[in-house]
Each structure stands twice: as structure tokens, then as C-alpha cells.
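Single-structure report; data block below.
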Amino acid sequence: ELDNNRIYYIQSNTFEDLRNLVSLTLSNNQIESIESNSFIDLRSLTNLDLSINYLTYLNETLFARTFNLKYLNLSSNKLEYLSKTELAQLRNLISLDISDNYLKIIEDFAFEQLVSLRNLFFNLNFDLILKNQTLNGLISIENIHISQILFSVNRSNIINILVYSLHPKIIRNIMNIKFYSSIYFIY
């Protein structure tokens with residue numbers, strides 16, 4: 001564990017000789033930047049905690065070849081934007097926490113490749129506006145934590161957004177999905 005240090009950035013290939021590393025905690029540092037390929041070839045890594053740092057963006061190749069990553073905590077950073085390419089490698093991810101950031105935009109289909117994702121946390125992103133396609137691809141989702149965000153609503157409501165966004169397999173089981181929310185609507 002490398003939490004509670006004064007780490008400001010992580011260079012490429014910093015962890016390259018740690019192929020058997022299973023869990024990496026870098027929380028509560030002052031990390032502003034993580035270079036490309038910093039976690040490359042950490043094929044045994046299942047848990048990565050980058051919470052409580054100063055990250056403003058994620059490099060598109062940051063999670064390249066971290067095939068076994070199951071738990072990713074990016075909460076309490078300064079992320080403003082999340083694209084569909086940044087998380088595309090994480091097909092085995094079970095839990096993603098992007099709560100308490102400065103997220104304004106999550107690109108449509110950003111979660112499309114996260115076919116194993118069961119738990120999604122994006123609470124406390126006060127300026128985030130979710131659109132109809134934001135949640136597309138969440139075929140295994142069980143819990144969605146969405147408190148204190150905005151839903152952009154045009155002639156629809158939250159159920160319509162979820163129905164149109166989620167995979168048909170999930171729609172059949174929509175009553176089993178747990179929503180934890182206090183949501184604000186804008187018209």
C-alpha cells in the first residue's frame with residue numbers, strides 16, 4: 001500500500017516488474033498525473049484504489065492490459081470528463097467508483113465495454129448531466145449510486161433514460177436493480 005504519501009505523479013512503467021501484484025492502493029496522495037502505460041502488464045491486478053487525489057483526466061492507455069482489474073476506485077479526484085475509450089479495456093471490472101469528482105460530461109457509451117460491471121457509484125458530481133445514452137452497455141449492473149446529480153430530461157423521465165440506456169437483459173430485471181439516489185431534474 002502506498003496510500004497517505006506525497007506522491008505527485010506516476011511515471012510510465014513504474015510498476016512493470018510487479019506482474020504478480022494483486023492490489024494497489026494509492027489513495028490520499030497528491031497525484032495529479034499518471035503517465036501512459038503506468039499500469040501496463042499488471043495482469044494480476046484486481047483492485048486499484050486511486051481515490052482522494054488530484055487527477056483531472058485519465059489517459060486512454062492508462063489501463064491497457066490490466067485485464068483482471070475488478071475494483072477501481074477513482075472517487076474524490078478532480079475528473080471533469082470521462083470518455084468511452086478510457087475504460088474500454090476493463091471488461092472484467094465489477095465495481096467502479098467515480099463519486100465526488102468534478103464530472104460534467106460522461107460521454108455516451110462510456111460504459112459500453114464494461115460488460116461485467118455490477119456496481120456503479122457516481123454520487124456527488126454536482127455538475128454532471130446524464131443523457132439518454134450514458135448508461136448504455138451495462139448488461140450486468142445490479143447497483144447504481146446516483147445521488148446528487150442532474151438528469152437532462154427532454155419529454156422523458158429517469159425510468160425512460162434507464163430503460164433506453166440499459167441492455168434488454170437488464171430491462172427484464174429492472175425491479176432487481178437497486179438505485180441509491182437523490183436526483184435533481186432539469187428541463
Side-chain angles (χ1 to χ4, degrees), residues 9-10 26-27 30-36 38-39 48-64 66 69 71-91 93-167 170-171 177 179-187:
Y9 67 94
I10 298 174
L26 293 162
S27 66
Q30 298 171 0
I31 301 171
E32 295 178 359
S33 175
I34 303 175
E35 291 183 6
S36 302
S38 293
F39 304 119
L48 178 59
D49 187 348
L50 294 167
S51 65
I52 316 170
N53 280 294
Y54 299 108
L55 294 171
T56 57
Y57 71 96
L58 300 175
N59 188 293
E60 289 185 8
T61 60
L62 184 60
F63 302 114
T66 55
L69 193 62
Y71 304 95
L72 177 58
N73 188 346
L74 295 166
S75 67
S76 300
N77 275 284
K78 296 184 176 189
L79 297 173
E80 294 183 8
Y81 180 82
L82 193 59
S83 77
K84 62 183 177 182
T85 57
E86 295 160 344
L87 302 174
Q89 299 284 328
L90 303 176
R91 296 182 62 78
L93 197 66
I94 293 172
S95 182
L96 173 62
D97 192 342
I98 51 175
S99 298
D100 196 19
N101 275 283
Y102 297 107
L103 284 168
K104 292 177 177 68
I105 298 172
I106 296 178
E107 191 174 284
D108 285 349
F109 307 102
F111 304 119
E112 187 172 43
Q113 299 300 316
L114 304 182
V115 295
S116 299
L117 193 68
R118 291 187 209 140
N119 300 298
L120 176 60
F121 303 83
F122 49 105
N123 311 320
L124 303 173
N125 284 292
F126 298 106
D127 295 326
L128 177 62
I129 297 177
L130 292 182
K131 298 183 180 175
N132 287 352
Q133 307 295 326
T134 302
L135 301 175
N136 272 28
L138 295 175
I139 62 172
S140 299
I141 199 72
E142 294 173 3
N143 299 297
I144 300 175
H145 296 255
I146 51 176
S147 66
Q148 299 184 6
I149 62 166
L150 299 175
F151 270 81
S152 178
V153 180
N154 295 330
R155 293 176 295 147
S156 65
N157 58 35
I158 187 171
I159 298 300
N160 285 340
I161 289 172
L162 294 170
V163 167
Y164 290 120
S165 298
L166 298 176
H167 191 274
I170 297 300
I171 301 308
I177 298 173
F179 296 97
Y180 305 87
S181 66
S182 57
I183 301 167
Y184 305 95
F185 292 95
I186 58 172
Y187 295 91

*Derivation of the side-chain contact (heavy atoms from CB on, under 4.5 Å) call for Leu74 and Asp49*: CA-CA 7 Å; Leu74 295 166; Asp49 187 348; over 6 Å; no

*Which is it for Asn143 and Asn119 under the side-chain hydrogen bond (donor to acceptor under 3.5 Å, both in side chains) test, yes or no, and what are the steps along the way?*
CA-CA 5 Å; Asn143 299 297; Asn119 300 298; 2.6 Å; yes

*Can you check side-chain contact (heavy atoms from CB on, under 4.5 Å) on Leu69 and Leu48, steps first, answer last?*
CA-CA 7 Å; Leu69 193 62; Leu48 178 59; 3.8 Å; yes

*Check step by step if side-chain contact (heavy atoms from CB on, under 4.5 Å) holds for Ser140 and Leu117.*
CA-CA 6 Å; Ser140 299; Leu117 193 68; 6.0 Å; no

*Start with the C-alpha gap between Glu80 and Tyr57, add the side-chain angles, then the distance that decides, and say whether side-chain hydrogen bond (donor to acceptor under 3.5 Å, both in side chains) holds.*
CA-CA 7 Å; Glu80 294 183 8; Tyr57 71 96; over 6 Å; no

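Contact record, Asn125 with Tyr102: OD1-N, 3.8 Å, taken as the closest heavy-atom pair. Across every non-hydrogen atom of Tyr71 and Leu93, the tightest pair is N-CD1, 3.8 Å. Nearest heavy-atom pair across Asp108 and Lys84 is O-CD, 4.0 Å. Scanning both residues, Ile98 and Asn101, for their nearest heavy atoms gives O-ND2, 3.1 Å. The two residues Ser51 and Asn77 come nearest to each other via the heavy atoms CA-ND2, 4.0 Å. Taking both residues in full, the closest heavy atoms of Tyr81 and Leu103 are given as N-CD2, 3.6 Å, listed atom of the first, atom of the second, then distance.
Atom-to-atom distance recorded for Asn73:CG and Asp97:CG is 4.5 Å, nearest 0.5 angstrom. Taken from CG in Leu72 to CD1 in Ile94, the straight-line distance is 12.5 Å, to the nearest 0.5 Å. In this structure, CD in Glu35 is found 10.0 Å from CD1 in Ile10, a value given to the nearest 0.5 Å. Taking OG of Ser76 as the start and CG of Asn53 as the end, the distance is 9.5 Å to the nearest 0.5 Å. To the nearest 0.5 angstrom, Phe63 atom CZ is 10.0 Å from Ser38 atom OG.
In this structure, Ser99 contributes its side chain and Leu124 its backbone to no donor-acceptor pair below 3.5 Å.
Counting heavy atoms from C-beta on, the side chains of Asn123 and Asp100 never come closer than 4.5 Å. Under the 4.5 Å side-chain criterion, counting only non-hydrogen atoms from C-beta, Leu87 is in contact with Leu114. Here the side chains of Ser95 and Phe121 are in contact, with some heavy-atom distance below 4.5 Å. By the 4.5 Å heavy-atom criterion applied to side chains, Asn59 and Ser36 are counted as neighbours. Looking at Leu82 and Ile105, their side chains never come closer than 4.5 Å, going by heavy atoms from C-beta outward. The side-chain heavy atoms of Tyr54 and Ile31, taken from C-beta on, include no pair separated by under 4.5 Å.
Taking Ser83 as the reference, Thr85 meet the side chain to side chain donor-acceptor pair (under 3.5 Å) condition, with sequence neighbours excluded. In this view, Arg118 satisfies the side chain to side chain donor-acceptor pair (under 3.5 Å) rule with no residue, not counting sequence neighbours.
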